[in-house]
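Take a look at the structure set out below.
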Protein chains: 2
Amino acid sequence: MSKDYGQFCGLAKAASVLGERWALLLVRDLSISPRRFKELHDGLPGIPTSVLTTRLRELETAGIAQRQIAGPTQAGVVYGLTAYGKQLGPVLDALGRWGAQRMSTPEPDDVITSASLAAALRSGYQPDVLTSLTTYELHAGPAIAWARAHGGQIEVGAGAPDFTADVTILAGPQLRLLLAGHMSASEAIASGAAEVTGPDGALATFSRAFHVPLDDFETVTDTS
Amino acid sequence: MSKDYGQFCGLAKAASVLGERWALLLVRDLSISPRRFKELHDGLPGIPTSVLTTRLRELETAGIAQRQIAGPTQAGVVYGLTAYGKQLGPVLDALGRWGAQRMSTPEPDDVITSASLAAALRSGYQPDVLTSLTTYELHAGPAIAWARAHGGQIEVGAGAPDFTADVTILAGPQLRLLLAGHMSASEAIASGAAEVTGPDGALATFSRAFHVPLDDFETVTDTS
DNA sequence: CGGTATCCCTTGCGATACTG
DNA sequence: CAGTATCGCAAGGGATACCG
């Protein structure tokens, strides 16, 4: 499947690497921050270690990812993106935003990972909302992500932040509707869909600063 | 391979459809213009008809493509993108630009298709160069594409245009270097890499209006 | 033209186990 | 923790033939 398409075309070259199973999600996770093998394995539920190894090698060969030694001996192996790989960030964000349009409610077996939550924050960020530096800690089910943003600058991460956030939000699956603007901040709080710690109006500001639209057709017409 | 990833994540949803073999290239071709089954088959060298059918069905189910009846009886079946599918255009352009950065010279067996050439034109278009409406007809080996552009507006197509272009360019593989700005218009003409019909300076303007950068490392370091 | 229908066969995924 | 090794299986891709 890693086969080439035999076309002199940038998209074909991209597809030959990123079209591999798990590759896009792996790059997504690496784009949040450098990660260890085990973190990657845990963040991609279902991927076998052998496949993870193979993908990492392929990404290395393609100049997208690289091994980094982070600590003493080889205990500190860490995978990160190269400069070339980092350029994929905005592209994957756009692709994720596109895919998210038809994604309103989690399927019964859908999992939310911390890295995908962080990526969602990054992809929905609106540069013109936050006029002063604001930090967020967001919990969506078992997933945790944080953001530190101000004007055109944003930084996100997966897992608990190492600082105390200005605003902490505990949310359930309804978070999707809030980010889409289909549920107001006050509704979210009143219904218990979100629990907020922080200044008054913080959730309203949050939902404007991180907007992931929904193009609802509710469900795609099933023609089967 | 069409398996889902079980994640509530826009990128994961996108990957489950677009990660399929041939899917990205198929959408690319459809994004240029609606096409018939045979045109799609011809434009994707190597794809079996059965796989093409399967992909088209999957794209239909995902709400990305749709069958359209273009003529009398069923002789006029045509596949096109839905509104949702059309939103992928700019995203795929970005992905193609990313992939093209490491693509300097065609591999011996690389093919150039008209649709990929048209997509390349669209992806490299610089909105601030052409101050008046200009039309181009571009030949790169066996591939033919055209563009009609002015300011922020651009329209591209695969195959010979149905109008007489202001500028006609016959180019070889060296075209890649011209688009990257690694070869000047005058060099291209002098060396015979490009043959131009049109006003003086037309090729220089063209190479500024359609810019596809090259991030060269020549070849990615092979660490095998 | 616009597909269906087979068929084989590779590949690479997923599972599990195990090593430095 | 950071992988390697093995293995079986199923899916799906590619080729080819054929039908409406």
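Note that the coordinates shown come from a computational prediction; the quantities given were computed from them, not determined experimentally. Reminder, nothing fancy here: chain letters follow the sequence lines and each chain counts from 1.
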*Using whole Å, report how far CG of A:Leu40 lies from P of D:dA2.*
9 Å
*asked:* Could you check whether B:Ser31 and B:Arg122, counting side-chain N and O atoms only, form a donor-acceptor pair closer than 3.5 Å?
replied: yes
_Let's see if you can work this out: which of D:dG13, C:dG14, C:dG3 has an atom nearest to the side-chain heavy atoms of B:Arg55?_
D:dG13
*Nucleotide nearest B:Thr53 (side chain, heavy atoms from C-beta), chosen from C:dC13, D:dG3, C:dT4*: C:dT4
*asked:* Under a plain distance cut-off of 3.5 Å, with no hydrogens placed, do B:Gln87 and A:Arg97 share a side-chain donor-acceptor pair?
replied: no
*B:Arg36 side chain N/O closer than 4.0 Å to the phosphate oxygens (OP1, OP2) of C:dG2?*
yes
*Starting from P on C:dA15, measure out to CG on A:Leu44 and report it in whole angstrom.*
14 Å
_How many whole angstroms separate atom CD of B:Glu58 from atom C1' of D:dG13?_
12 Å
*Compare side-chain N and O positions of B:Arg57 against OP1 and OP2 of C:dT4 and report whether any pair is under 4.0 Å apart.*
yes
*asked:* Base, sugar-phosphate or nothing for A:Ser50? Non-hydrogen atoms, less than 4.0 Å.
replied: base
*Please check if any side-chain donor atom of A:Asp166 sits under 3.5 Å from a side-chain acceptor atom of A:Thr135, or the reverse.*
yes
*Parallel, tilted or perpendicular: which describes the rings of B:Phe37 and B:Tyr79, with under 30° parallel and over 60° perpendicular?*
tilted
*Rounded to whole angstrom units, what separation is found between the CD atom of A:Glu20 and the C1' atom of D:dG13?*
13 Å
*Please work out whether the ring planes of A:Tyr84 and B:Trp98 are parallel, tilted or perpendicular, with thresholds of 30° and 60°.*
parallel
*Are B:Trp22 and D:dG13 close enough that a side-chain N or O sits under 4.0 Å from OP1 or OP2?*
no
*Measure from the side-chain heavy atoms of B:Val51 and tell me the nearest of C:dG14, D:dC1, D:dG14.*
D:dG14
*How close or far is atom C1' of D:dA2 from atom CZ of A:Arg67, stated in whole angstroms?*
8 Å
_Expressed as a whole number of angstroms, how long is the span from A:Leu56:CG to D:dC1:C1'?_
15 Å
_What's the closest nucleotide to the side chain of A:Thr49 if the choices are D:dT4, C:dC1, C:dG3?_
D:dT4
*In whole angstrom, what separates A:Arg21's CZ from C:dT11's C1'?*
14 Å
*asked:* Output the rounded distance in Å from NE2 (A:His41) to C1' (C:dT16).
replied: 11 Å
*asked:* If the cut-off is 4.0 Å, is B:Tyr79 near the phosphate of C:dC1, judged by side-chain N/O to OP1 or OP2?
replied: no
_From D:dA2, C:dT16, D:dG13, nucleotide with atom closest to A:Lys38 side chain_ = D:dA2
*Please tell me which of the listed nucleotides, C:dA5, C:dG2, C:dT16, lies nearest to the side chain of B:Phe37?*
C:dG2
